[in-house]
Amino acid sequence: MSKIDEVAELVEKGRAKKVGAAVQEALDAGCDPNEILQKGMIDAMGVVGEKFKNNEIFVPEMLVAAKAMKMGVEVLKPHLASGATGALGKVIIATVAGDLHDIGKNLVAMMIESAGFTVIDLGVDVPIDKIIEAVNENPDVKIVALSALLTTTMPSLRDTVAALNGAPFRKNIKVMVGGAPITQEFADEIGADGYSEDAASAAVLAKKLVG
Ligand code: B1M
């Protein structure tokens, strides 16, 4: 079994305590950090999601897999993110109200930070008021980045963007959205300025939006 397959197996099985060492071994063996992230972790979470959908596993197993992935990302982080300067300005990021998924949001935050932004992470299940308040408290913020992972929280994303679109500060900020069920069409429909499919393209988009 390859080092990356070992990481994937540990993530799938939720072996949080062992994942860090396995990621380090994969790095030491010369594996590409992006490949470890994609094949060893993101794809493994896809397998976990499929098993959940097929009733082969349940919420607790998804939770331990998520914890394992987070431990792996901690080891990987210095190898993925570099050059954090904050020079491009502030980005507020959040997972919208009703949604507890944060792994994708955290990866997006990490990539945006390493692209040169300062990231203010409001966490998960963030109500609209809290996002508006954060922008008011940070009048120099350039981008609000919103993540939604559930089809059931797409309306929450829509409401959040609508509230931002109606706010007096709207002309000073850009709004970008993403997450597994989100599409470019949905982003356009709800009036966001941009959509990206994954964390790497989110960083490219953020730069484009302020460029
Ligand atoms: Co949940 N869950 N979950 N879950 N969970 C999904 C999303 C699901 C697809 C699984 C499935 O059924 N196959 C399904 C949603 C189905 C749907 O919406 N139709 C689902 C469900 C149903 C649920 C619950 C309702 C289950 C229940 O309680 N019965 C529940 C809801 C809780 C809530 O939020 N209110 C729930 C709970 C959970 C846990 C808490 C147990 C856990 C999350 C833990 C955590 O995040 N800390 C969890 C997990 C782990 C998953 C899966 C297995 C993995 C998610 C993940 O981290 N993926 C997921 C299945 C799957 O994704 N295949 C699933 C890896 C991550 C890197 O990918 O988050 O997609 P992702 O992020 C990507 C892109 O989407 C994009 O970039 C990222 C990196 O490339 N991206 C952005 C994300 N945000 C972006 C923002 C951007 C740009 C790009 O710009 C701002």
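Positions are given from 1, in the same order as the sequence printed here. When reading the values below, keep in mind they use all heavy atoms of this one structure, side chains included, and skip hydrogens, waters and symmetry mates. Counting starts at 1 for both ligands and their atoms, following the listed order.
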Legend entry - ligand 1 contact on Leu205 by region, counting heavy-atom pairs under 4.0 Å: neither
Inset, instruction - Measure from atom 49 (C) of ligand 1 to the protein's non-hydrogen atoms and state whether any distance is below 4.0 Å. - result: yes
Legend entry - Structural part of Leu150 in contact with ligand 1, heavy atom criterion under 4.0 angstrom: both
Inset, instruction - Flag atom 41 (C) of ligand 1 as yes if some protein heavy-atom distance to it falls below 4.0 Å, otherwise no. - result: yes
Legend entry - Check: Leu107 N/O within less than 3.5 Å of ligand 1 N/O: no
Legend entry - Connected via hydrophobic side-chain network under 4.5 Å: Ile93 and Val177: no
Inset, instruction - Identify the two heavy atoms, one from Pro33 and one from Leu76, that lie closest to each other, and give their separation to 0.1 Å. - result: O-CD2, 3.7 Å
Legend entry - Backbone N/O of Asp188 and side chain of Tyr195: donor-acceptor pair under 3.5 Å: no
Legend entry - Minimum heavy-atom distance Ala203-Met111, with the two atoms named: CB-O, 3.6 Å
Inset, instruction - Please check if Val124 and Ile92 belong to a single hydrophobic cluster, counting links between Ile, Leu, Val, Met, Phe, Trp and Tyr side chain heavy atoms closer than 4.5 Å. - result: no
Inset, instruction - For atom 5 (N) of ligand 1, find the nearest protein heavy atom and state the residue, atom name and distance (0.1 Å precision). - result: His101 NE2, 3.0 Å
Inset, instruction - Check ligand 1 against Gly178 and write out every atom of the ligand that is under 4.0 Å from a heavy-atom position of the residue. - result: 82 (C), 84 (N), 85 (C), 86 (C), 87 (C), 88 (C), 89 (C), 90 (O), 91 (C)
Legend entry - Pair Ser201-Asp198, side-chain donor/acceptor within less than 3.5 Å: yes
Inset, instruction - Would you mind running through ligand 1 and noting each atom that sits below 4.0 Å from a heavy atom of Asp99? - result: 34 (O)
Legend entry - Glu189 atom CD, over 12 foreign heavy atoms within 6.0 Å: yes
Inset, instruction - Just let me know how Leu149 lines up against ligand 1, side chain, backbone, both or neither, with a heavy-atom cut-off below 4.0 Å. - result: both
Legend entry - Heavy-atom nearest neighbour of atom 91 (C) of ligand 1 within options Val96, Ile112, Leu146: Leu146
Inset, instruction - If you have a sec, work out which protein heavy atom is nearest atom 11 (C) of ligand 1 and how many Å separate them, to one decimal? - result: Gly49 O, 3.6 Å
Inset, instruction - Return the option from Ala199, Gly14, Ser196 holding the heavy atom at the smallest distance from atom 89 (C) of ligand 1. - result: Ser196
Inset, instruction - Would you check the N or O atoms of Val59, main chain and side chain alike, for any that come under 3.5 Å of an N or O of ligand 1? - result: no
Legend entry - Atom pair CD1/CG of Ile36 and Leu80 - distance to nearest 0.5 Å: 8.5 Å
Inset, instruction - Indicate whether atom 79 (C) of ligand 1 is within a distance of less than 4.0 angstrom of some protein heavy atom. - result: yes
Inset, instruction - Answer yes when Glu12 and Lys51 have at least one side-chain N-carboxylate O distance shorter than 4.0 Å, and no when they do not. - result: yes
Inset, instruction - Answer side chain, backbone, both or neither: which part of Lys70 comes under 4.0 Å from ligand 1, heavy atoms only. - result: side chain
Legend entry - Option among Lys208, Lys171, Arg170 that satisfies the salt bridge (charged side-chain N to carboxylate O under 4.0 Å, His left out) test with Asp193: Arg170
Legend entry - Smallest separation among heavy atoms of Ile190 and Val161, with atom names: O-CG1, 3.2 Å
Legend entry - Nearest protein heavy atom with distance in Å, relative to atom 33 (C) of ligand 1: Leu100 N, 3.6 Å
Legend entry - Those atoms of ligand 1 less than 4.0 Å from some heavy atom in Ala66: 44 (C), 50 (C)
Legend entry - Salt bridge Glu74-Lys70, side-chain N to carboxylate O under 4.0 Å: no
Inset, instruction - Take atom 60 (C) of ligand 1 and look for protein heavy atoms under 4.0 Å from it; say yes if you find one, no if not. - result: yes
Inset, instruction - Please check if a non-hydrogen protein atom sits closer than 4.0 Å to atom 16 (C) of ligand 1. - result: no
Legend entry - Gln24-Asp28 side chain donor-acceptor pair, cut-off 3.5 Å: yes
Inset, instruction - With heavy atoms of Ala145 as the reference, note each atom of ligand 1 found under 4.0 Å away. - result: 91 (C)
Legend entry - N or O pair under 3.5 Å between Thr151 and ligand 1: yes
Inset, instruction - Please tell me if the side chains of Met176 and Leu146 come closer than 4.5 Å, counting only heavy atoms from C-beta onward. - result: no
Inset, instruction - Would you mind checking if Lys53 and Glu50 are paired as a salt bridge, meaning a charged N to carboxylate O distance below 4.0 Å? - result: yes
Inset, instruction - Could you tell me which atoms of ligand 1, counted from 1 in the order shown, lie closer than 4.0 angstrom to a heavy atom of Met62? - result: 1 (Co), 3 (N), 4 (N), 5 (N), 38 (C), 41 (C), 48 (C), 49 (C), 50 (C), 51 (C), 53 (C)
Legend entry - Nitrogen or oxygen atoms of Val48 and ligand 1 under 3.5 Å apart: no
Legend entry - Verify atom 57 (O) of ligand 1: protein non-hydrogen atom under 4.0 angstrom away: yes
Inset, instruction - Would you name the heavy atoms of Ala134 and Asn138 that are closest together and state the gap between them? - result: O-ND2, 2.9 Å
Legend entry - Minimum-distance protein heavy atom relative to atom 65 (C) of ligand 1: Met45 CB, 3.9 Å
Legend entry - Close N or O approach (Asp102, ligand 1; < 3.5 Å): yes
Legend entry - Cys31: which of Ile4, Val23, Val7 passes side-chain contact (heavy atoms from CB on, under 4.5 Å): Ile4
Inset, instruction - Could you tell me whether Thr152 approaches ligand 1 through its side chain, its backbone, both or neither, with non-hydrogen atoms closer than 4.0 Å? - result: neither
Inset, instruction - Please examine the side chains of Val126 and Val96, heavy atoms only from C-beta on, and report whether any two atoms are closer than 4.5 Å. - result: no
Inset, instruction - Kindly identify the option in Lys67, Glu50, Glu197 whose heavy atom sits closest to atom 74 (C) of ligand 1. - result: Glu197
Inset, instruction - Report the nearest protein non-hydrogen atom to atom 12 (O) of ligand 1: residue, atom name, distance rounded to 0.1 Å. - result: Phe52 CD2, 3.4 Å
Inset, instruction - Number the atoms of ligand 1 from 1 as they appear, then name those within less than 4.0 Å of a heavy atom of Ala180, with their elements. - result: 70 (O), 75 (O)
Inset, instruction - Pull out every atom of ligand 1 sitting under 4.0 Å from any heavy atom of Gly46, numbered as shown with elements. - result: 63 (N)
Inset, instruction - Please name the pair of heavy atoms, one in Gly123 and one in Lys105, separated by the smallest distance, quoted to 0.1 Å. - result: O-CE, 3.6 Å
Inset, instruction - Could you check atom 68 (O) of ligand 1 against the protein and tell me its nearest heavy-atom contact, residue, atom and distance included? - result: Gly104 CA, 4.4 Å
Legend entry - Minimum-distance protein heavy atom relative to atom 35 (N) of ligand 1: Gly98 O, 2.9 Å
Inset, instruction - Please write down residue, atom name and distance for the protein heavy atom closest to atom 81 (N) of ligand 1. - result: Gly179 N, 3.6 Å
